[in-house]
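What follows is a single structure, written as structure tokens, with notes after it.
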Amino acid sequence: MQDYLNELNEQQRTAVTTEPGPLLVLAGPGSGKTRVLTHRIVYLIRELRVPPWHILAVTFTNKAAKEMAHRIENVLEGQPRGLMMGTFHATCARLLRMEADNLEGYGRDFVIFDTEDQLEAIKQALKDLNLDDKKFPPYKMRSGIGNAKNELITPEQYIASNYIAEVTKRLYARYQQILVANNGMDFDDLLMNVVTLFDRRPDILQKYQERFQHILVDEFQDTNTAQYGLLKRLTAVTPNIFAVGDADQSIYMWRGADYRNLNRFREDYPDARQILLEQNYRSTQVILDVAMEIIRHNRNRVHKQLFTEREGGEKVSVREAYDENEEAERITGAVQDLLLRGYSPGDMAVMYRTNAQSRALEEAFVRTGIPYRLVGATQFYRRREIKDVIAYLRVVHNSADAISLNRVINTPTRGIGSKTQEQLTAWAGQLAVQPADALIRLVIDPDVQHPFNGRAYNALHLFGQMLHAWRTVRDEATVGELLDLILEQTGFRDYIETSAKDDDDAHDRWANVMELRNVAAAADGVSLSDFLEQVTLVSEVDDLEEEPNRASLLTLHAAKGLEFPIVFLAGLEDGILPHSRSLDDVESLAEERRLFYVGITRAMDRLYISHAFRRLGYGGWDVAVPSRFLQDLPADLVEGGSAQQRRQQTKTKASSWEWSSSSAGSSSWSTSRPSPTPATPRRTTTAAAKPEKALPTPNYLRTGIADDDHEADTPAPPKTARYKTGQKVRHAKFGAGTVIESKTTGNDEEVSVAFPEYGIKRLAASFANLEILD
DNA sequence: GGATCTCATGTTTTT
DNA sequence: CATGAGATCC
């Protein structure tokens, strides 16, 4: 009868069947935490006879929520009615939809402001306060305000300890007024407002305390103060809180998450039981050992001794590529190899630190024709054309949303410039109505007094008519129909076609709009209000189309919670995987390490790590320093030699470098071996980066660390090409050849040379050591 | 008032 | 390098 419990190991079963009360599950990667959560919910419903509506399960991503819903459905053969499950933000939004009337200044039809809307509001606030947006960059101010909200600090409580804080405090207050005036809440408000509501209205708090008698939290280490505060209030009377987390996978500190909430939990719920899940069902022992060795270097952590029944396993491969393009090519080459060996594209994932890295990878995948999907890069709902269309819907939905009105009133351009917009705002102020409603007044009341000249009036009137028409059909039409009407009346397609850079761009952007239209059309029976909420709170495209069997390209952050048989971690370089902005702070550095740990532990069978010798910075090429984390890899579990050896090899090969061969990638990962005659290990990372002869050290070979003294005054390499088309040159390996083309790239020179026997090679001048034959 | 160009500037991760 | 904002030009 309890067959679903048999699928669990002892610790898991203990967690699932523990009696209600506070429980902390410390779950290592791959230890089945989702399984524990879902089974716990099933257990509560089936065994303890808890009505589903007494259960609240919160996650951090929509993906996790969906996954959980899916699994529960499988076990229970149907979705339990009334079970509340979703992200913190979505849950709070739902709650506020019911209760916002009890919040001063807000109504239930509030809109959710995303990051971009926030910036607009902050710019407005800066203007209102006569502050210079150069001195107080909106995005920085936004994070200041956001941090305060995450800590549940109101503008009044904000401590102005210095000038910038004093400005932030004032700005925060003004910003908040603007939000309220727009009946808008930003992401942080969703959480904070619920807490505020609970604190002001004990009766409402009590209502939800009674409703949510069992609360489950996924990824507990990612909670911030506001979220923790929320949980604490809800469980104050009945502390049935089932929290699952792993401090080693805390990667969201930058957004206010604080894994120390795990400690607070132990203090705040002294009776809490604690269960450790260390058995891993995902990776080979080799991968786990590597992961543990990496994470071990972080201080102040509780070690989890991960183990699996999958003993042994393939060693982790580490390779250095010449640059990011070659790195990408080697990865796709290895992918092709693996495809031949029976893996499918869907088994593989390439993970990286920053979205910018996806470019080279994507190009390589396109070139090789391997099906791939790019997860979340330019987030669908943040694309300009999508935001535009959504802004239209928002204006139709909510007159108070002046931010959205500003966005669309002249997009596409229709002769309503900034001056006219100012007049409109002023005029609406006089009428004491929202600008959007003032426009409608212009349409329905022909005799109304207004300050506009003929041209402006016509333009405004025309727009007002459209808005009026949309408003009229709003409640009868489906979201899809409304959207069609808007697209048609605004001539949106024309707008996209005329404003796009080129045909491809126009095509893509229109395709995006149509994608949104499809989403809207599919959301049959969903109210406009709900539709807008979903659209703002759902970031991933995964709702749109679940791409079958494609390799995934994704950031390490996006990879959390996922697993793949084959994982590639690209760009393991100082400044990228420990990200440059985290190098001088111990805590951030520890978080970068956890990010690496998360990446490693996504892999089931095989892990490939790569870094490049040089990488395109913002401008030219920079020499990359292998990630400091790589030094911590256990040598006996890694194949590919030390960082020094790899670099030595890169340099040896670089003298005969070539990009063109597409087969180079596939063999290089599997056949290249660590140099048989390893150079005397040297500690410095810049060691031996000097070409022999008398060539000047190219700038890109220098790092911030000072080299030998005499190099400091070596002149920079010539900016102009040293090699000219038609010139005869000699290469150590390829022999004599003719220069076809030469161009400078950054501080180096890229020479294409035709060799009679070897064909055309593209060579990096600083390495190729070409002898000019005249 | 609007569109185009240039210059400057600023670069992580996302609910 | 890419995007965005500002100035300039139409």
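Between A:Leu119 atom CG and C:dT3 atom C1' the separation is 14 Å, expressed in whole Å.
Partners of A:Asp585 under the side-chain contact (heavy atoms from CB on, under 4.5 Å) rule, at least two apart in sequence or in another chain, are A:Glu587, A:Ser588. Checked against ring pair (Phe, Tyr, Trp, His ring centres under 6.0 Å), A:His450 has the following partners two or more places apart in sequence or in another chain: A:Phe452, A:Tyr457. Every residue meeting the side-chain hydrogen bond (donor to acceptor under 3.5 Å, both in side chains) condition with A:Arg628, not counting sequence neighbours, appears here in chain and number order: A:Asp574. Partners of A:Glu151 under the salt bridge (charged side-chain N to carboxylate O under 4.0 Å, His left out) rule, at least two apart in sequence or in another chain, do not exist in this structure. Judged as a side-chain hydrogen bond (donor to acceptor under 3.5 Å, both in side chains), and not counting sequence neighbours, A:Asn410 has no contacts. Applying the side-chain contact (heavy atoms from CB on, under 4.5 Å) test to A:Ala402 and every residue at least two apart in sequence or in another chain returns A:Asn182. For A:Gln227, there are no side-chain hydrogen bond (donor to acceptor under 3.5 Å, both in side chains) partners at least two apart in sequence or on another chain. A:Gln124 is linked by a side-chain contact (heavy atoms from CB on, under 4.5 Å) to A:Asp128, A:Ile178, counting only residues two or more places apart in sequence or in another chain. Scored by the side-chain hydrogen bond (donor to acceptor under 3.5 Å, both in side chains) test, A:Asp246 finds A:Gln249, A:Lys304 as partners (sequence neighbours excluded).
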Enumerate all atom pairs, one protein N or O and one N or O from nucleotides 4-10 of chain C, separated by less than 3.5 Å.
| unit_1 | atom_1 | unit_2 | atom_2 | d |
| --- | --- | --- | --- | --- |
| C:dA5 | OP1 | A:Lys123 | NZ | 3.2 |

Please list each protein N or O that sits under 3.5 Å from an N or O in nucleotides 1-4 of chain B, with the distance.
| unit_1 | atom_1 | unit_2 | atom_2 | d |
| --- | --- | --- | --- | --- |
| B:dG1 | OP1 | A:Thr420 | OG1 | 3.0 |
| B:dG1 | O4' | A:Arg455 | NH2 | 3.4 |
| B:dG2 | OP1 | A:Gly415 | N | 3.0 |
| B:dG2 | OP1 | A:Gly415 | O | 3.2 |
| B:dG2 | OP1 | A:Ile416 | N | 3.0 |
| B:dG2 | OP2 | A:Gly417 | N | 3.0 |
| B:dA3 | OP1 | A:Thr413 | OG1 | 3.1 |

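Within the 4.0 Å cut-off from OP1 or OP2 of B:dT12, not a single side-chain nitrogen or oxygen of A:Thr555 is found.
Taking atom C1' on both nucleotides, C:dA5 is separated from B:dT12 by 23 Å, rounded to a whole Å.
Contact check on A:Arg394 versus A:Asp117 returns a salt bridge, with a Lys/Arg side-chain nitrogen under 4.0 Å from an Asp/Glu carboxylate oxygen. A salt bridge links A:Glu591 to A:Arg594: one of the charged nitrogens lies within less than 4.0 Å of a carboxylate oxygen.
Of all the residues in residues 85-97 of chain A, A:Thr87, A:His89 reach under 4.0 Å from DNA chain B with at least one non-hydrogen atom.
Residue ring and nucleobase are stacked for A:His579 and B:dT12, with a centre distance beneath 5.5 angstrom and an angle between planes beneath 30°. Using a 5.5 Å limit on the distance between ring centres and a 30° limit on the angle between planes, the aromatic ring of A:Trp254 does not count as stacked on the six-membered base ring of B:dT12.
Checked by distance alone, A:Arg353 brings a side-chain donor or acceptor within 3.5 Å of a matching partner on the base of B:dT13.
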